[in-house]
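Here's the structure we're looking at; comments come further down.
A note on names: the letters A, B, ... follow the listed sequences, proteins ahead of strands, and every chain is numbered from 1.
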There are 2 protein chains.
Amino acid sequence: MKITIKEIAKLANVSMTTVSNVMNNRTNKVSQETIDKINNIIKEYNYTPNMNAKALVNSSSKLIGLLFYTEQEIYNFNDPFAGQLLEGIETISRKENYFVLIQTINSVDDIGVIRNNWQFSGFIGVGFKQQTMLEAMEIIQEPITFIDTYYDEIKLKEFKDKENLYFVRSDDKKIAHDLVSHLVDRGHRDIAFLTYRVNLKEHGVIQERLAGYRDGLVAHDLGFDSKLVFYNDQLDQVIENINHYSAIIVTADLLAIQLISQLKEQGFSVPDDCSVISFDNIQFSELISPKLTTMNLFQNVKGEVALGQIMVPIKGTPKENIQQTIIMDGELEVRESVKQM
Amino acid sequence: MKITIKEIAKLANVSMTTVSNVMNNRTNKVSQETIDKINNIIKEYNYTPNMNAKALVNSSSKLIGLLFYTEQEIYNFNDPFAGQLLEGIETISRKENYFVLIQTINSVDDIGVIRNNWQFSGFIGVGFKQQTMLEAMEIIQEPITFIDTYYDEIKLKEFKDKENLYFVRSDDKKIAHDLVSHLVDRGHRDIAFLTYRVNLKEHGVIQERLAGYRDGLVAHDLGFDSKLVFYNDQLDQVIENINHYSAIIVTADLLAIQLISQLKEQGFSVPDDCSVISFDNIQFSELISPKLTTMNLFQNVKGEVALGQIMVPIKGTPKENIQQTIIMDGELEVRESVKQM
DNA sequence: CTGTTAGCGCTTTCAT
DNA sequence: ATGAAAGCGCTAACAG
């Protein structure tokens, strides 16, 4: 049933070495006859190698560890972000014949354990903050791409020489800035900002978007007013203050949809009473009314890129043109939730 | 750095066997002193076993293969279903110290390959139809749970004796029936049905729901009218015929939201002109307006149950009370999209 | 109570 | 051009 190299060797009347050589295309020193014979047997018996044995002897398997860092017990896979990422990662891993092991982790120590358990070829880290990323790097030697992790520029220098370390993220600051510009183009001058509650001390996606919002306002000679920055637990205040702005930037479609729903309940109309623009371009954004004007972040591509990055050192292909940090732009999907003033 | 049993044995001045015994709690024949000594070393050096070596010698690893069957190139992980399932599966796998390898497969042959590659302890199959399930079973010997796969009752008999085969699904027929009953309770008598286009010959979730819809109508002395069954590519017809029904059952929140959005655009109001009730209870269903009355299917629990099922034979715990097929009920979330007539 | 040993399936020198 | 043999880290007889 489960055939091994040894048996193939016996069937072909050759040694295991030869079989191994043929399988790994080290055929320069094998006669064509033998090659064909072996290949036929492999096909006939549907032979596929035992990855555990391979991993054991090579001390490296065809495994990619997909690490979801979270303080929660389990990462929130409901988030469309996770799904899109997975789709991109699966696309590449299948193409490259690698395998993806998913793991939610709550502490950096978890990484050490799982890393010892399996000999991963590389990792993709999601949900890491600068601090946890730094700690993770102490442990992980294999190539790793961190998705959406921001780091201080000062730290960047130390990373520069660090091999096997990659980053992929959106250009959140620029994208937020673009959102402001779009609203300004449409005649808006009073622009609010709504986001999830986060620790503003930490460097992350939200902080960057906030900074981009601020930059955008300044660039368009509009003042930044901290009273126009709201958090998801203040939706009532957002609505109370609706007269103080004509448009609002929301850092997630989900939150935007929630807001719109509340606004409607209170008798307000979008975009007439208030324009809404957001991030994500999730599937739903064009199913609701009004259809959301939102920023497509191409999270599936992000997944593809993330795995693509580490595949370079993993496969040992020359890495001349590879960048350590890939910053992706977004693409605005202009739909109905922003009004021309 | 990466310490092995051999080295632990040396450090503890014992043999590898003893170390192995201690690690696997076969401590009945080891002195407490030795146990402590070994455990301390393990802790000190942060030792964790090499799973590949273990898998090789045991011909079974702590891997669960999560197989997503699809005709597409990549499974649609965007679907909230996949995320919820994953969440449930991860919850249990973490608890049990097992690892989840995700794989999209396009044909049953793919299973053979991946199964040879790694020695899985068990599998969870998603997206399998009866035919592909049957084929998969020919190949897979390990415990497997199929999620949401329906099979003919005739075939059931053959399965009865089949070890290691489990099913988890919702009671789709009963749930659809319940939906009809709820609508009838609310005074509706003309009830339409909207679903995704599927092959009606195949036995699956949609077919069951359709049957339940039919049963429900009959049970309430309402006639079944095939003209009131619509498919997702006929949304315009759904709306054209709006006078022929007062409520519509939609087999997915996503589709329901799409419909509502279209209805609104055409100037209709939900639930006043048409009540809508659906399946899934996705996160969005209570963020939109009107808030969706929908059936919670507990897909995350489904994931937990699926893995729980196969963990029984995997861990070799006595499986007296285990059922081969677990059928889960839903729970109606009554919100705003159904009108009291 | 502890150690010796063979072997899981594969790769890789080193011979021939 | 092909083969023999050692060894990756671990487990499980079997011996003592």
Legend entry - Shortest side-chain distance from B:I5, nucleotide among C:dG9, D:dT11, D:dG3: D:dT11
Legend entry - Presence of salt bridge, A:E73 and B:R94, under 4.0 angstrom: no
Legend entry - Any A:S20 side-chain N or O less than 4.0 Å from OP1/OP2 of C:dC10: no
Inset, instruction - Could you tell me the separation between the CE atom of A:M16 and the P atom of D:dA5, rounded to a whole number of Å? - result: 12 Å
Inset, instruction - First locate atom CD of A:Q309, then atom OG1 of A:T325, and finally report the distance between them rounded to the nearest 0.5 Å. - result: 8.0 Å
Legend entry - Closest-nucleotide 5' rank along DNA chain C - winner of B:T34 and B:V57: B:T34
Legend entry - Whole angstrom value for the distance that separates P of C:dG9 from CG of B:N50: 16 Å
Inset, instruction - Tell me whether the OP1 or OP2 atom of D:dG9 has a side-chain N or O from B:Y47 closer than 4.0 Å. - result: no
Legend entry - Residue-phosphate contact under 4.0 Å: A:T17 side-chain N/O, C:dT11 OP1/OP2: no
Inset, instruction - Return yes if a side-chain donor-acceptor contact under 3.5 Å exists between B:T18 and B:S15, otherwise no. - result: yes
Legend entry - Protein-nucleotide distance (B:K37, atom NZ; C:dT2, atom C1'), rounded to Å: 12 Å
Inset, instruction - Grab the CD-P distance between B:Q119 and D:dT11 for me, whole Å please. - result: 15 Å
Inset, instruction - Tell me whether the OP1 or OP2 atom of C:dT2 has a side-chain N or O from B:S31 closer than 4.0 Å. - result: yes
Inset, instruction - Quick one: label A:V14 by what it contacts on the DNA or RNA (base, sugar-phosphate, nothing), any heavy atom closer than 4.0 Å. - result: sugar-phosphate
Legend entry - Which nucleotide in D:dT2, C:dT2, D:dC10 has an atom nearest any side-chain atom of B:T18: C:dT2
Inset, instruction - Have a look at B:N117 and say if it touches a base, only the backbone sugar-phosphate, or nothing, with a 4.0 Å heavy-atom cut-off. - result: nothing
Inset, instruction - Kindly say whether B:A55 contributes a backbone atom to a donor-acceptor pair with the side chain of B:S61 at under 3.5 angstrom? - result: no
Inset, instruction - Assign A:L56 to base, sugar-phosphate, or nothing according to its heavy-atom contacts below 4.0 angstrom with the strands shown. - result: base
Legend entry - Touch class at under 4.0 angstrom, heavy-atom based, for A:N52 against every strand present: nothing
Legend entry - Separation of atom CE in B:M51 from atom P in D:dT11, rounded to whole Å: 10 Å
Inset, instruction - Calculate the interatomic distance between B:K6 atom NZ and D:dC8 atom C1'; express it in whole Å. - result: 9 Å
Inset, instruction - Check whether any side-chain nitrogen or oxygen of B:K54 sits under 4.0 Å from OP1 or OP2 of D:dT11, and answer yes or no. - result: yes
Inset, instruction - May I ask you to verify if any side-chain N or O of B:T4 is less than 4.0 angstrom from the OP1 or OP2 atom of D:dG9? - result: no
Legend entry - Atom-pair distance (CG on B:N21; P on C:dT2), nearest Å: 10 Å
Legend entry - Value in whole Å for how far the P atom of C:dT2 lies from CD of B:Q32: 11 Å
Legend entry - Option passing side chain to side chain donor-acceptor pair (under 3.5 Å) with A:Y150 (candidates A:H203, A:R169, A:Q130): A:R169
Inset, instruction - Examine B:Y151 together with B:F146 and report whether their ring centres are nearer than 6.0 Å. - result: no
Inset, instruction - Please determine if a side-chain N or O atom of A:N24 lies less than 4.0 Å away from the OP1 or OP2 oxygen of C:dT11. - result: yes
